[in-house]
Every structure is written in structure tokens, then in C-alpha cells.
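Step one of this worksheet: look at the structure below.
Protein chains get the first letters and strands the later ones, always in sequence-line order, with residue 1 at the start of each. Predicted model only: the values in this text are computed from it and were never measured.
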Number of protein chains: 2
Amino acid sequence: MEKIAVDMDGVLADVYHQFIQMHFEESGVLLQEKDLEGLTEYEAFPHILKHVHTPGFFRTAPLISDSQEILEKLNHKYEVFIVSAATEFPLSLAEKQAWLNEHFPFIDWKHMVFCGSKEIIKADIMIDDHFKNLDFFEGQTFLFTQPHNTHKVNGKHKRVHSWKDIEHFLI
Amino acid sequence: MEKIAVDMDGVLADVYHQFIQMHFEESGVLLQEKDLEGLTEYEAFPHILKHVHTPGFFRTAPLISDSQEILEKLNHKYEVFIVSAATEFPLSLAEKQAWLNEHFPFIDWKHMVFCGSKEIIKADIMIDDHFKNLDFFEGQTFLFTQPHNTHKVNGKHKRVHSWKDIEHFLI
């Protein structure tokens, strides 16, 4: 069975929704995702490090549309591993595991990976929103669209805009 | 630079010392490592699941001899990743990262991996005390001697009895 490494933040967890909400609570300014296209996450959200260090940030992230239903379908056809860059934010480790257990109960502990660099990951397919993770990966790569990556291009990676796109290509 | 995946429990962290101590506190019986050779960890310590779920178990584990000094030397010659099967015990995630930060401050967050199955790990060399982790690995494998593996043989894996042995073979 082919292995798929699926990212969390920006692929399963809608962290932009969280960032926009926290930015609004701090500043009163409600940003629109469209206005953030082409900006890195650090440019779009000057206080992003404060946000991600806030207890509960990862635990309460909303889901990206259709991710539950289609990941469960993927999980029947492939061996799915959730691979999340998490060790930069030690608080996030337990929150991320609890979040996965709540929203993706069909993913058992054997198929969760919390790491730093993803250069050590071996699988057949990777789905991620960051080039830094996809560029070193040897298998097939899918770039999940998020505002920070909309203006970037790498012909090696197949761009997908939604989980419906993933369903179309992989199921 | 070649990548090495180094296990924690039984390679850096002396979990047998912890198990023996907790067994003694419960039963009054002081086990000797020599008497545990050939037994799985579950056979040697009937209450092992209770032990590993005890808060502080991983945070207070003693170091395996010479691991600090020789891992630091390895870290100059190779790209060292610490790869620990941790997601089975969610409490352990934060404890393990804090333990690494304390005892191995030269290992940054980018080089820590907390996972379940290690079948998703890609590196050039793996050092581990469990066959289940080494058997699927495609690179060079070193089996670190622990009582549970003393009676097992797999010609593919080079057995090392100590960090001095690792220094001898890899530095």
C-alpha cells in the first residue's frame, strides 16, 4: 500500500482562520484571505509567533473544508501518515495529537509524526502547503494552496486548491 | 552530510533503570538486568504500561553512559536526528522534548522526530534497540544491546553494546 504524508497546518487545520481571528481581536482589523495572497505568514501576521504560542491555538483550529471525509477515503486506499512540523512549538505537541484524535479518530498513534525538518520523511506521496517541505521530498508532491504560496511556482509539485481536488487526483 | 536516526528509549535514555526502580518500589524486589535477558519488556515488567503512563517517567530518565559526549561528536560528523516512538504515550511528547533540551542542547527542534511507526523514516544510518524499527530501514543499521534483544539475531544489523562501540564504528 502506498504511503501518503499529509501535513496538518494549512492542509487539515485552517490556521489562517485562527490567525485572522486573533489579528482581528488585537487590532479590530478584519483581514481577508484574498488580501494576503503572496505574503509569507510572517508578513501577513506580524504577531504570528505570539499567536502560535498561545495555549489552545492548535487545539481549537477549525477544519479545512472536506478534509475529514476525503482523508478517511484516502485512508482506505493508502497508508496515511499525518506529518506535522511541531517541535518548534513544544506546547503544540499534545494539542495537535488531541486535535487529531478528536477530528480524525481513524488515524491511530502509529501514523502520527511530529517533527521539525521533514527531510527525514520517506513516503510515496506528500501533501503540504510549504515548498520547503515538498522540495526535498523524493516522491510525488501536491502543493495545497494557501495565501502564502499562491504566487510561487515549482513545476515539480501539482497544485491542489481543495480536498475535492485531492479526491479527484488520488481516489 | 549523512543522516543518522538515533532512538531515545534504550539508546539515550536508560529506561530499564527506571523500570527496575519502579518495580522495586512496588514489589520490594530488586531485579538485575542480567536476569531479564531474553525477556520482552512486557514480560520483564508486568506493570510497564502503568510505569510509562506515570507523569515524569520520561522526564526523569537517567542517561545511558557516554551518550552525551559521543552523540555530540557524532553531531559534528553527521546530521543527527533523534527519532522516538512517542505518540503511543501522549504525555511523553512534552517530557521527551524537555529531556532532550536539557541533556542534548546541541540537538535543535528541527532534528527531533516524535512518531509512532518508524517505517516512514528516511536516513542513511539508524541506531535503535528494537528490531521492529531496524528491520524496515533501508540504510545501515546498528542494534543497541538491551536485555530484551540479547537473544535475538539478525545478520543485517550490527550489534553495539555501548556508546563506546558506536564511537568506534562511526567516528
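By the neighbour-count criterion of 12 heavy atoms within 6.0 Å, atom CZ of B:Phe89 is densely surrounded, having more than that number from other residues, nucleotides or ligands. For B:His53, the NE2 atom counts as densely surrounded, since its 6.0 Å shell holds more than 12 non-hydrogen atoms of other residues, nucleotides or ligands. Within a 6.0 Å sphere centred on NZ of B:Lys156, other residues, nucleotides and ligands contribute more than 12 heavy atoms.
A single hydrophobic cluster is seen to contain both A:Ile64 and A:Phe142, as judged by linkage of ILVMFWY side chains at heavy-atom distances under 4.5 Å, directly or through other members. Taking hydrophobic clusters as Ile, Leu, Val, Met, Phe, Trp and Tyr residues chained together by side-chain heavy-atom distances below 4.5 Å, A:Trp99 does not share a cluster with A:Val83. Both B:Phe137 and A:Val113 are assigned to one and the same hydrophobic cluster, defined by single-linkage of ILVMFWY side chains at heavy-atom distances under 4.5 Å.
Contact check for A:Ser117 versus B:Phe81: side-chain heavy atoms found under the 4.5 Å cut-off.
Residue B:Glu119 holds its CD atom at 6.0 Å from CD of A:Glu79, rounded to the nearest 0.5 Å. Rounding to the nearest 0.5 Å gives a distance of 13.5 Å between NZ of B:Lys96 and CZ of A:Phe114. Note that CD1 of A:Ile107 is 11.5 Å distant from OG1 of B:Thr87, once rounded to the nearest 0.5 Å.
Interface remark: A:Gln97 contributes side-chain atoms only to the contact with chain B (heavy atom separation under 4.5 Å).
When each of B:Glu138, B:Lys110, B:Glu88 is checked for heavy-atom pairs under 4.5 Å with chain A, B:Glu88 comes out on top. Of all the listed residues (B:Leu93, B:Asp108, B:Asn101, B:Leu91), the one sharing the greatest number of non-hydrogen pairs under 4.5 Å with chain A is B:Leu93. Counting heavy-atom pairs closer than 4.5 Å to chain B, the top-ranked of the candidates A:Ala85, A:Gly116, A:Ala5, A:Ala123 is A:Gly116.
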